[in-house]
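Let me give you the structure first, and then I'll get to my questions.
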Number of protein chains: 2
Amino acid sequence: MNDICIRVDEPLIKQMVQNLPDEQTINKMSAIFQALQSDTRLKILFLLSQKEMCVCELECALDVTQSAISHSLRTLRQLDLVRVEKQGRFAIYHLADEHIRTLIDLCNRHVTECST
Amino acid sequence: MNDICIRVDEPLIKQMVQNLPDEQTINKMSAIFQALQSDTRLKILFLLSQKEMCVCELECALDVTQSAISHSLRTLRQLDLVRVEKQGRFAIYHLADEHIRTLIDLCNRHVTECST
DNA sequence: TTAATACATGAACATATGTTCATATATTCA
DNA sequence: TGAATATATGAACATATGTTCATGTATTAA
């Protein structure tokens, strides 16, 4: 406990720590996972992976207020997981790229495969 | 705002909502992403993807208390993202399966590719 | 130009989370 | 047996998060 147990090969551990992605990368990754961790945001992403939608449509689909949806969309926007295209007074949202669809599908498969 | 804007095709939206994964699946997915959202837990998973490790080794590698590491490991264990194997007084942790490695790698690539 | 619609945002609140501290349990060694 | 080591866990605290409410801005329609 006081730093070193019999199993610890300190130079090896140091090497492994150096192999870690840098702090900035870790931070970005945890921010992305953080965004994917909310039921509401996950549902938004699942919906957007079916077709692009305006806020109204999302509001119709989900059982939360317009405000909550907008806040969620901002989070997703700031991480570049979704993008907006303004069409008159409508804001049409779509997935930023295929990576995000893949991420979600992968997790979905993991969950459904492993629970059977 | 009062439910329906001009763009909303209600039957279509209803259909899309039915295509969503069920609540239980959504919950499990958000729980997994929730677990991946902490810097400490992410680092643990990156380390374990290099080799299986005991708590002591993780303690040597990371700059947090043994207690914090144990708590993190419990979270990961409960979601079956890591597994333990007891060896005498040591608890040797390893990734539960390849899915989790893939998930992390995918996110890592997304972050590093998109920031260049 | 006024009203209505679509969306965004700040404040506030209740809840959740991560960490540390203190302590418990389990295994090994003397 | 008793002490040391390795790990786990409960409590507590500070911080973060998600939602709603109230309100702001921008666009369209009348």
Side-chain angles (χ1 to χ4, degrees), chain A residues 1-9 13 26-27 30-45 48 52-79 82-94, chain B residues 1-9 13 26-27 30-45 48 52-79 82-94:
Chain A
M1 205 124 93
N2 298 321
D3 264 6
I4 285 187
C5 88
I6 222 172
R7 278 182 50 96
V8 171
D9 174 352
I13 301 291
I26 294 274
N27 288 342
S30 56
I32 288 179
F33 287 128
Q34 149 67 23
L36 299 179
Q37 157 263 1
S38 124
D39 284 23
T40 298
R41 286 190 298 262
L42 262 187
K43 286 181 189 171
I44 289 177
L45 292 172
L48 293 183
E52 55 177 30
M53 296 171 85
C54 70
V55 182
C56 264
E57 292 178 290
L58 290 169
E59 202 185 339
C60 175
L62 302 172
D63 209 27
V64 287
T65 64
Q66 176 266 320
S67 180
I69 292 176
S70 266
H71 282 300
S72 291
L73 287 170
R74 176 159 66 158
T75 301
L76 295 172
R77 239 167 38 223
Q78 286 172 339
L79 292 166
V82 304
R83 300 212 177 115
V84 212
E85 185 194 342
K86 278 285 203 176
Q87 279 184 18
R89 56 179 150 173
F90 296 97
I92 316 294
Y93 281 85
H94 58 92
Chain B
M1 204 124 94
N2 297 322
D3 263 5
I4 284 188
C5 86
I6 222 170
R7 278 182 50 95
V8 171
D9 174 353
I13 301 290
I26 293 275
N27 288 343
S30 56
I32 288 179
F33 286 130
Q34 149 68 24
L36 299 179
Q37 156 262 4
S38 125
D39 284 22
T40 298
R41 286 191 297 262
L42 262 188
K43 286 181 189 171
I44 288 177
L45 292 173
L48 293 183
E52 55 177 29
M53 296 171 84
C54 69
V55 181
C56 264
E57 292 177 290
L58 290 169
E59 200 185 342
C60 174
L62 301 172
D63 209 26
V64 286
T65 63
Q66 175 265 321
S67 180
I69 293 176
S70 265
H71 283 300
S72 291
L73 287 169
R74 176 160 63 160
T75 301
L76 295 172
R77 239 167 38 222
Q78 285 172 339
L79 293 166
V82 304
R83 302 214 176 114
V84 213
E85 185 194 343
K86 278 285 206 176
Q87 279 184 16
R89 57 179 150 175
F90 297 97
I92 316 293
Y93 281 85
H94 58 92

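This structure is a prediction, so every number in the text was calculated from the model and none was measured. Lettering of chains follows the sequences in order, A, B, ..., and the numbering in each one begins at 1.
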Partners of B:Glu85 by side-chain contact (heavy atoms from CB on, under 4.5 Å), sequence neighbours excluded?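 Residues passing side-chain contact (heavy atoms from CB on, under 4.5 Å) with B:Glu85: B:Gln87.
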Can you check whether A:Thr40 has a side-chain N or O nearer than 4.0 Å to OP1 or OP2 of D:dT19?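 Yes, A:Thr40 has a side-chain N/O under 4.0 Å of OP1/OP2 on D:dT19.
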With respect to the phosphate group of D:dA6, does any side-chain polar atom (N or O) of B:Tyr93 fall under 4.0 Å of OP1 or OP2?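 Indeed not, no polar side-chain atom of B:Tyr93 lies that close.
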Between B:Arg7 and C:dC7, is there a side-chain N or O to OP1/OP2 distance below 4.0 Å?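 Indeed not, no polar side-chain atom of B:Arg7 lies that close.
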How many angstroms lie between atom NE2 of A:His71 and atom OG1 of A:Thr40, to the nearest 0.5 angstrom?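 One finds 12.5 Å between NE2 of A:His71 and OG1 of A:Thr40.
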In Å, rounded to the nearest 0.5 Å, how long is the span from CG of B:Leu45 to CG of B:Leu36?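 If I round to the nearest 0.5 Å, the distance is 6.5 Å.
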Taking B:Gln78 for its side chain and B:Thr75 for its backbone only, find out whether a donor-acceptor pair lies under 3.5 Å. no
Verify the contact: side-chain N or O of B:Gln34 to OP1 or OP2 of D:dG18, cut-off strictly under 4.0 Å; return yes or no.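 Checking B:Gln34 against D:dG18: no side-chain N or O falls below 4.0 Å of OP1 or OP2.
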If I compare all heavy atoms of A:Gln34 with all of A:Gln37, which pair ends up nearest, and what's the gap?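 A:Gln34 and A:Gln37 have their closest heavy atoms at O-OE1, 3.1 Å.
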Taking A:Met53's backbone N and O only, do any of them form a donor-acceptor pair with B:Arg7's side chain (distance below 3.5 Å, no angle check)? no
Rounding to a whole Å, what distance do you find between B:Asp39:CG and C:dG18:P?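 For the pair B:Asp39 CG and C:dG18 P, the rounded distance is 11 Å.
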Distance, nearest 0.5 Å, that separates CD1 of A:Ile44 from OG of A:Ser38: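 A:Ile44 CD1 to A:Ser38 OG: 7.0 Å, rounded to 0.5 Å.
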Where the side chain of A:Gln37 is concerned, which of D:dA8, D:dG18, D:dC21 is the nearest nucleotide?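 Among D:dA8, D:dG18, D:dC21, the one nearest the side chain of A:Gln37 is D:dG18.
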Mind calculating the distance between CD1 (A:Ile92) and P (C:dA6) to the nearest angstrom? 11 Å
Find the distance B:Leu58:CG to D:dT7:C1' and express it as a whole number of Å.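 Rounding to the nearest Å, CG of B:Leu58 and C1' of D:dT7 are 12 Å apart.
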Using 0.5 Å steps for rounding, measure from the CD1 atom of B:Ile13 to the SG atom of A:Cys56. 10.0 Å
Where along residues 68-76 of chain A does a heavy atom fall under 4.0 Å from DNA chain C?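 Contacting residues: A:Ser70, A:His71, A:Arg74.
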Rounded interatomic separation in angstrom, taking CZ from B:Phe90 and C1' from D:dA4: 12 Å
Considering only nitrogen or oxygen atoms on both sides, find all protein atoms under 3.5 Å from nucleotides 26-30 of chain D and state each distance.
none

Provide, to the nearest angstrom, the distance between the CD1 atom belonging to A:Ile44 and the C1' atom belonging to D:dG18.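 Atom CD1 in A:Ile44 sits about 12 Å away from atom C1' in D:dG18.
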Could you tell me whether the side chain of B:Gln66 has a donor or acceptor atom within less than 3.5 Å of a complementary atom in the base of D:dA8?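 Flag set: donor-acceptor pair detected.
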Distance (rounded to the nearest 0.5 Å) between B:Leu76 CG and B:Ile69 CD1: 11.5 Å
Once you round it to whole Å, what is the distance between P of C:dT17 and CZ of B:Arg41? 9 Å
Which atom of A:Arg77 lies closest to which atom of A:Tyr93, heavy atoms considered: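 Smallest heavy-atom distance, with atoms named: NH1-OH, 3.0 Å.
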Has B:Thr65 got a side-chain N or O lying under 4.0 Å from the OP1 or OP2 atom of C:dT20? yes
Judged by each residue's nearest nucleotide on DNA chain D, which is more toward the 5′ side, B:Glu57 or A:Val64? B:Glu57
Minimum-distance nucleotide to B:Ser67 side chain [options: C:dC21, D:dT7, C:dA6]: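 Of the options given, the side chain of B:Ser67 lies nearest C:dC21.
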